[in-house]
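So the structure is just underneath, and the comments pick up after that.
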Amino acid sequence: MLSYRHAFHAGNHADVLKHFVLIELLRYFNRKEKPWWYVDTHAGAGCYALDSEQAGKNAEFSGGIGRLWQRDDLPDAMRPYLDALAQFNPHGRLTFYPGSPALAMTQLREQDRMRLFELHPADVALLGQTFARDVQRVQVRKADGFSALRGLLPPPSRRVVVLIDPPYEVKEDYRRAVDTVADAIKRFPAGTYVVWYPLLARTEARQLPERLADLGAENWLDVRLAVKKPPRDGFGMFGSGLYIVNPPWVLPQTLEAVMPWLAGVMGEDGEGGFDLEHHIE
């Protein structure tokens with residue numbers, strides 16, 4: 001099913017959580033000179049114009065990054081994320097929102113590599129254009145990222161951050177996300193695997209973090225940001241979460257400092273909240 005286009009949702013509250021954490025992960029990997037790989041199983045188009053018809057249809061960015069842009073009370077830990085965004089908006093006006101691959105590129109060094117997968121024909125074409133000048137470090141493929149990941153593990157560098165961020169338009173995505181992480185852990189137990197998931201009333205969404213926990217990874221972190229209370233009618237996304245296998249040991253402390261503030265800023269009518277659980281040895 002190829003109807004999903006992330007341009008309609010670029011810069012929303014889910015992107016804020018996902019991309020703030022992604023920057024933190026890659027900054028941690030950059031503490032060592034040894035190269036790393038970044039793999040994105042559902043990479044999208046790469047970068048999004050917020051004044052486009054798609055982004056403007058619901059203007060979801062106004063309740064997401066729009067609430068953070070140019071604030072003067074940012075927690076210190078959030079500044080690298082906003083600094084990365086500023087590279088795409090050098091004149092100070094929030095015009096573009098970079099997707100996960102473009103944000104990862106802000107942390108990429110000469111020795112690091114990116115492998116990006118996307119199936120939507122229009123989005124993969126745009127993604128290829130975005131990275132056309134850096135084909136030595138970045139490879140873009142029109143492929144099913146769930147399946148393609150298998151051929152990349154273990155990576156030559158033995159250091160990898162994998163973002164698994166499907167649209168969850170079909171129930172099958174929930175099962176495939178779990179199966180993909182299970183297979184990845186078997187192929188390369190030391191990898192860092194990040195699964196984004198929506199907060200929805202539907203059974204598959206509620207069970208996803210539990211099913212990921214059942215995989216038995218020794219080190220994991222589960223963080224959730226709710227921007228409103230679950231809707232009474234059971235329809236609609238009210239937040240999102242990230243389940244991370246092998247997170248950096250410093251990440252829980254960072255999130256404990258940032259999430260109360262972020263939930264307050266992102267919450268609609270004072271209904272924001274968060275949950276954070278982890279086990280890191």
Side-chain angles (χ1 to χ4, degrees), residues 2 6 18-19 21-30 32-46 98-121 123-168 172-197 212 215-221 242-248:
L2 296 175
H6 191 68
K18 174 173 56 183
H19 292 151
V21 172
L22 177 60
I23 291 292
E24 285 300 295
L25 290 173
L26 297 180
R27 290 180 67 239
Y28 180 82
F29 271 56
N30 278 344
K32 295 183 179 180
E33 288 297 320
K34 190 175 180 180
W36 47 260
W37 279 36
Y38 170 73
V39 181
D40 199 320
T41 62
H42 297 75
S100 304
L103 276 172
M105 189 71 179
T106 67
Q107 306 301 310
L108 200 73
R109 304 164 301 179
E110 189 62 34
Q111 66 268 37
D112 305 322
R113 297 292 181 267
M114 289 172 40
R115 299 294 182 262
L116 312 176
F117 301 99
E118 175 59 45
L119 272 176
H120 196 288
D123 281 355
V124 76
L126 292 170
L127 189 66
Q129 293 173 15
T130 299
F131 296 100
R133 296 184 179 182
D134 207 338
V135 295
Q136 290 188 338
R137 291 189 299 170
V138 184
Q139 291 184 10
V140 176
R141 283 180 54 198
K142 184 176 184 293
D144 173 20
F146 284 132
S147 300
L149 178 61
R150 300 171 191 161
L152 299 181
L153 300 176
S157 65
R158 300 285 169 165
R159 303 178 76 214
V160 67
V161 174
V162 178
L163 177 61
I164 301 170
D165 179 23
Y168 297 105
E172 188 74 359
D173 281 351
Y174 293 94
R175 181 191 64 78
R176 295 194 72 194
V178 175
D179 290 348
T180 297
V181 175
D183 182 74
I185 292 173
K186 291 178 181 177
R187 293 175 185 272
F188 186 52
T192 295
Y193 305 105
V194 185
V195 180
W196 177 87
Y197 62 92
L212 290 167
L215 296 179
E218 291 185 3
N219 298 301
W220 56 270
L221 182 149
L242 295 170
Y243 192 95
I244 306 174
V245 175
N246 295 324

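Heavy-atom basis, side chains included; hydrogens, waters and symmetry copies ignored.
- In this structure, the side chain of Asp112 engages the main chain of Trp36 through a donor-acceptor pair within 3.5 Å.
- Between Phe29 and Gln107, every side-chain heavy-atom pair lies at or beyond the 4.5 Å cut-off.
- Between Leu25 atom CG and Asn30 atom CG the span is 11.5 Å, to the nearest 0.5 Å.
- By the side chain to side chain donor-acceptor pair (under 3.5 Å) test, Tyr38 pairs with Asp40, sequence neighbours left out.
- Closest non-hydrogen pair, Gly191 versus Val160, comes out as CA-CG1, 3.8 Å.
- One distance of note links CD1 of Ile244 with CG of Leu212; it measures 11.5 Å at 0.5 Å rounding.
- Qualifying side chain to side chain contact (heavy atoms under 4.5 Å, CB included) partners for Gln139, counting only residues two or more places apart in sequence or in other chains: Arg115.
- Side-chain atoms of Tyr193 come within 3.5 Å of backbone atoms of Ala184 as a donor-acceptor pair (strictly under, hydrogens ignored).
- Interatomic distance, CG of Leu163 versus CH2 of Trp196, reported as 10.5 Å (0.5 Å rounding).
- Side-chain contact between Ile23 and Thr106: present, with at least one pair of heavy atoms (C-beta onward) separated by less than 4.5 Å.
- Residues satisfying the side chain to side chain donor-acceptor pair (under 3.5 Å) criterion with Trp220, sequence neighbours excluded, are absent altogether.
- Asp173 meets the salt bridge (Lys or Arg N to Asp or Glu O under 4.0 Å) test with no other residue; sequence neighbours excluded.
- Ring to ring, Tyr168 and Tyr174 are close: their centroids are under 6.0 angstrom apart.
- Scored by the salt bridge (Lys or Arg N to Asp or Glu O under 4.0 Å) test, Arg187 finds Asp183 as partners (sequence neighbours excluded).
- Two residues are said to be in side-chain contact when any heavy atoms from C-beta on lie closer than 4.5 Å; Asp144 and Leu119 meet this criterion.
- Note that NE2 of His120 and CG of Leu127 are 13.0 Å apart. Values are rounded to the nearest 0.5 Å.
- The salt bridge (Lys or Arg N to Asp or Glu O under 4.0 Å) test applied to Arg141 returns no partner, not counting sequence neighbours.
- Annotation: the span from Leu242 atom CG to Leu221 atom CG amounts to 8.5 Å, rounded to 0.5 Å.
- Annotation: the span from Lys18 atom NZ to Leu103 atom CG amounts to 10.0 Å, rounded to 0.5 Å.
- Between Phe188 and Pro154, the closest heavy-atom pair is CD1-CB, 3.5 Å.
- Sorted by first and then second residue, the pairs that involve residues 125-136 and meet side chain to side chain donor-acceptor pair (under 3.5 Å), not counting sequence neighbours, are Asp134-Arg137.
- In terms of the side chain to side chain donor-acceptor pair (under 3.5 Å) criterion, residue partners of Ser100 (sequence neighbours excluded) are, by chain and number, His19.
- In this structure, the side chain to side chain contact (heavy atoms under 4.5 Å, CB included) partners of Val124, at least two apart in sequence or on a different chain, are Glu118, Val140, Lys142.
- Side-chain contact check for Val194 versus Leu22: every heavy-atom pair is 4.5 Å or farther apart.
- Listed by chain and residue number, Arg27 satisfy the side chain to side chain donor-acceptor pair (under 3.5 Å) test with Glu24 (two or more places apart in sequence, or in another chain).
- Between Pro156 and Trp37 there is a side-chain heavy-atom pair separated by less than 4.5 Å.
- Residue pairs satisfying the side chain to side chain donor-acceptor pair (under 3.5 Å) criterion with at least one member in residues 150-159, sequence neighbours excluded, are absent.
- Heavy-atom minimum distance, Phe146 versus Thr41: N-CB, 4.4 Å.
- Among residues two or more places apart in sequence or in another chain, the side chain to side chain contact (heavy atoms under 4.5 Å, CB included) test is passed with Asn246 by Thr192, Asn219.
- The two residues Ala148 and Phe117 come nearest to each other via the heavy atoms CB-CE2, 3.4 Å.
- Contact annotation: the side chain of Val138 approaches that of Met105 to within less than 4.5 Å [non-hydrogen atoms, C-beta and beyond].
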